[in-house]
**Q** 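What follows is a single structure, and I will ask about it in a moment.
Lettering follows sequence order; numbering is per chain, from 1. Source: prediction; values computed, not measured.
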Protein chains: 2
Amino acid sequence: MNTVSNKQVGIQDVAKAAGISTATVSQVYNNKGEVAAATRERVLEVGSKLGYRPNAIGQALRSGKSRVIGIVVSYRDSAVWEQTYMPYYRNIIAGAAIEAVEHGYSISAAASSADGRIETYLPLDGVIVVDPVPGDPIVEQSLKNGRAVVTDGGYQAKPGAQLATVHADMAQAIPDMLNHLARRSREAPLRPALFVGPRLDDYTVSTIESYRHWCTTHGVASRVASLAPGQAPTDAARELLAASTDEVNAVHCLNETYCNAITTAAAELGLSIPGDLQVSVTGNSKAIGADPRVAYLNIDPVETGAICARTLIAMLEGDPAQSVAQEVTLVPAADATDPAAPAAPTAAPATG
Amino acid sequence: MNTVSNKQVGIQDVAKAAGISTATVSQVYNNKGEVAAATRERVLEVGSKLGYRPNAIGQALRSGKSRVIGIVVSYRDSAVWEQTYMPYYRNIIAGAAIEAVEHGYSISAAASSADGRIETYLPLDGVIVVDPVPGDPIVEQSLKNGRAVVTDGGYQAKPGAQLATVHADMAQAIPDMLNHLARRSREAPLRPALFVGPRLDDYTVSTIESYRHWCTTHGVASRVASLAPGQAPTDAARELLAASTDEVNAVHCLNETYCNAITTAAAELGLSIPGDLQVSVTGNSKAIGADPRVAYLNIDPVETGAICARTLIAMLEGDPAQSVAQEVTLVPAADATDPAAPAAPTAAPATG
DNA sequence: GCTGCCGCCTAAAACGATTTAGGTCTGATG
DNA sequence: CATCAGACCTAAATCGTTTTAGGCGGCAGC
């Protein structure tokens, strides 16, 4: 028994063993060209007996396709990177990695230099760019280099570019949430504030716009609290609440970090949630430790990563670029009429 | 201006432009062989002018090294996979991916069949196996195929195997935690229970052993509640607490999911934490939504993934296999003497 | 019988790098 | 001058695959 093979068996070994040329073997394995049925069968039999598996590096060299996709975050030096973006980025990576492997792709969590150049070892077939800003150099460079691009977040590219976007429709979701909060509000009217980060990516911008539009429509003042670079979220939250506790009875947060900052600051000020202050957030309601007192615009970043990967791979396999609107679902806070509900985090719902 | 190059520039282009052979160019870029200083300089200049970057696929073909590492979870079909292992696995992937790219590696979140065969497109140079069981087929197959392996969790391999382990020392951490809880306990003696999952991987086994040993030493009965396959964690938690509320005044949980189940069940039974019941858990204390009422044996899975990747890559680069003891730090529950402390999740500490 | 076609197959050229074995100088040494 | 060593460089093989262009029979149609 040669259970331990000295050498990886290659197409040549199969060809030799089947008394045939490598070209034919290749054709058999790729269902190309014309091969007599008898030959095809013989090749496959010999191949499986020898344990032949086509070597991907050889194929990659020949085809120029590495089947590796990169994931880059647009702005990694941001002061809030560690606190905020990093966890999101990680989940995107994980989701994309798991999805990618099911299609035979690997991933590379690439870094990029300021001019948009991406440094990886293996050449990338395509790139997922997380939260690009308008005219993002990473996106533009990648397109220029002929790589397919999928952005997580909206992006305006030249028509004809090999680019698709995956993003949630905030213009729809934000008013939905604000209306929901208004319905639940102890006092009318709802006077919501918005708590955003320092980056002006599409997600932030479209959320702000949508929020402002709602405020205008409903005749209440808008109040956007923007985290200064370097400022701790809790400090910004304290400022927001302290400065306007009599004017604001709800806060929508752009992510879980800011949301936690708000709930912490609220506790310090003796504000009960959702009684005195309704809190909502765009984020993953199913995460371990999701706060039952806040309402979620639920977006699962792992799922986002998977969708990005799927979309990009479809493009790489020849499908036309097709942007995807990611679903956002509104998950209300646990019913506040039940005061016995534990204030502590509960287990995640079983289904999703 | 030919800002858009039709073709990727290859070693041949550089060679031709420098009036020299490809062999020399290769030597220059690899610091091998003997090359005159003048030639080296000229090659580098021409190379950078042309924007030459050695093609990794070509190198991979020649060298037989793909610079791709796989991450496989040992037992994916487990009933508790989605609830429990999946989040952990994701974090491992993310940590490994980010670490890997800094060393020029890509990752593949591989699946595996029951016999231990790993299916990926690109061939793997090495594998990270998460939570292997003794004699794990994935580990054994990979070693037999000549791949370097790093396990997250202890593993007994044949001496001389290209294997290193990364794991936390539960024999040390568990008694530390139990002693800590005993010191904080309202009533003596501490009568802790242990809440574990259905899998008997090294992490679970060594935790149980260590727990039992502590109980024996301290003359209290041990009570290990094991989640049945298919059972909801909250149900198991309810059983555990209902059956033994008078006998148990502390519970240590193997992961956050179980911990949440315990706190939920405790709330239902009207048990206050940590007053009536002290709760501790092995997991990431810095995660968003970490519960301030429970004590943590802090292990950051992202960090674990990074360590695994680093260890594996070191092996691939020729260093001898070297197992790593991952640090576990005890993070006490927020001080229970301060009843004003918010019961809700607080923001993560700023530093780590 | 010649031509053309079709079905099946193959030789050889890519793809982009590294490495081995050896070639060609130059200058020193006998 | 012949020889040798050393410095520098190159031709060609190699890694494992795919694809192109064409070869070789046999068969049908004229």
**Q** For the pair made of CD in A/Q8 and P in D/dC15, what is the distance, rounded to whole Å?
**A**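 Taking atom P of D/dC15 as the reference, CD of A/Q8 is at 13 Å.
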
**Q** Please list each protein N or O that sits under 3.5 Å from an N or O in nucleotides 23-28 of chain C, with the distance.
**A**
none

**Q** Within this structure, what is the CG-CD1 distance for the pair B/L122 and B/I69, rounded to the nearest 0.5 Å?
**A**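 Rounded to the nearest 0.5 Å, the CG-CD1 separation comes out at 13.0 Å.
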
**Q** Do B/D152 and B/T304 have a side chain donor and acceptor closer than 3.5 Å?
**A**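 Result is no, nothing qualifies.
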
**Q** As an exercise, state the distance from CG of B/D136 to OG of B/S142, rounded to the nearest 0.5 Å.
**A**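 These two atoms lie 9.0 Å from each other.
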
**Q** Contacts to DNA chain C from residues 53-70 of chain B, heavy-atom cutoff under 4.0 Å, which residues?
**A**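 Of all residues in residues 53-70 of chain B, the ones placing a heavy atom under 4.0 Å from DNA chain C are B/R53, B/P54, B/N55, B/G58, B/Q59, B/L61, B/R62.
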
**Q** Can you find a side chain N or O atom of B/Y29 that sits less than 4.0 Å from OP1 or OP2 on C/dG16?
**A**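 B/Y29 to C/dG16 OP1/OP2: no side-chain N or O under 4.0 Å.
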
**Q** Do nucleotides 7-12 of chain C as a string where each nucleotide becomes B, S or -: B if the base has a protein heavy atom under 4.0 Å, S if just the sugar-phosphate does, - if no protein is that close.
**A** SSBBB-

**Q** Which residues pass the ring-ring contact (aromatic ring centres under 6.0 Å, His included) test with B/Y155, sequence neighbours left out?
**A**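 By the ring-ring contact (aromatic ring centres under 6.0 Å, His included) rule, B/Y155 matches no residue at all.
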
**Q** Please identify each residue that fulfils salt bridge (Lys or Arg N to Asp or Glu O under 4.0 Å) with A/D201, with sequence neighbours left out.
**A**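 Per chain and number, A/D201 pairs via salt bridge (Lys or Arg N to Asp or Glu O under 4.0 Å) with A/R199.
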
**Q** Might you point out which heavy atoms bring B/A114 and B/P137 nearest each other, and give the distance in Å?
**A**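 Shortest heavy-atom contact: O-CG, 3.8 Å.
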
**Q** Residues in salt bridge (Lys or Arg N to Asp or Glu O under 4.0 Å) with B/R147, at least two apart?
**A**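 B/R147 satisfies salt bridge (Lys or Arg N to Asp or Glu O under 4.0 Å) with no residue once adjacent residues are dropped.
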
**Q** Have a look at the helix from C/dG1-D/dC30 to C/dG30-D/dC1 and give the angle its two end axes make, five pairs each, rounded to 10 degrees.
**A**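 The two end axes of the helix from C/dG1-D/dC30 to C/dG30-D/dC1 meet at 80°.
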
**Q** Does CD belonging to B/E119 count more than 12 external heavy atoms closer than 6.0 Å?
**A**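 For B/E119, atom CD is crowded (more than 12 foreign heavy atoms under 6.0 Å).
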
**Q** Measuring from B/Q8:CD to B/I57:CD1, what's the distance to the nearest 0.5 Å?
**A**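 If we round to the nearest 0.5 Å, B/Q8:CD and B/I57:CD1 are 11.0 Å apart.
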
**Q** Roughly how many Å is it from CG in B/L50 to C1' in C/dG16, rounded to a whole number?
**A**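 Between C1' of C/dG16 and CG of B/L50: 15 Å.
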
**Q** Enter the distance from A/D115:CG to A/Q141:CD here, rounded to the nearest 0.5 Å.
**A**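 Atom-to-atom, A/D115:CG and A/Q141:CD are 6.0 Å apart.
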
**Q** Output side-chain donor-acceptor pairs under 3.5 Å for residues 23-35 of chain A, partner residues at least two apart or in another chain, one line each.
**A**
| unit_1 | atom_1 | unit_2 | atom_2 | d |
| --- | --- | --- | --- | --- |
| A/T24 | OG1 | A/S21 | OG | 3.4 |
| A/N31 | OD1 | A/R40 | NH2 | 2.7 |

**Q** What is the distance, to the nearest angstrom, from the CG atom on A/D13 to the P atom on D/dC15?
**A**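 Whole-Å distance recorded here is 10 Å.
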
**Q** Go through the structure and list residues passing side-chain contact (heavy atoms from CB on, under 4.5 Å) with A/T120, not counting sequence neighbours.
**A**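 side-chain contact (heavy atoms from CB on, under 4.5 Å) list for A/T120, sorted by chain: A/S108, A/A110, A/I118, A/L124, B/V101.
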
**Q** On the nucleotide D/dT19, are OP1 or OP2 found under 4.0 Å from the side-chain N or O atoms that A/K32 carries?
**A**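 Yes, such a contact exists.
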
**Q** If I compare all heavy atoms of B/Q12 with all of B/T22, which pair ends up nearest, and what's the gap?
**A**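 So the minimum-distance heavy-atom pair works out to CA-CG2, 4.0 Å.
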
**Q** Sorted by first residue and then second, give each side-chain hydrogen bond (donor to acceptor under 3.5 Å, both in side chains) pair with at least one member in residues 44-61 of chain A; sequence neighbours left out.
**A**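 Listed once each, the pairs are A/Q59-B/Y121.
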
**Q** Could you list, one pair per line, each protein nitrogen or oxygen that sits under 3.5 Å from a nitrogen or oxygen of nucleotides 22-25 of chain D, together with the distance?
**A**
none

**Q** Just how far, in rounded Å, is P of D/dT17 from OH of B/Y121?
**A**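 Answer to the nearest Å: 10 Å.
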
**Q** If you measure from CD1 on B/I71 to OH on B/Y89, what distance do you get to the nearest 0.5 Å?
**A**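 Spacing of CD1 (B/I71) from OH (B/Y89) equals 6.5 Å.
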
**Q** Among residues at least two apart in sequence or on other chains, which ones pass side chain to side chain donor-acceptor pair (under 3.5 Å) with A/E317?
**A**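 Partners of A/E317 by the side chain to side chain donor-acceptor pair (under 3.5 Å) criterion, ordered by chain and then number, come out as A/Y105.
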
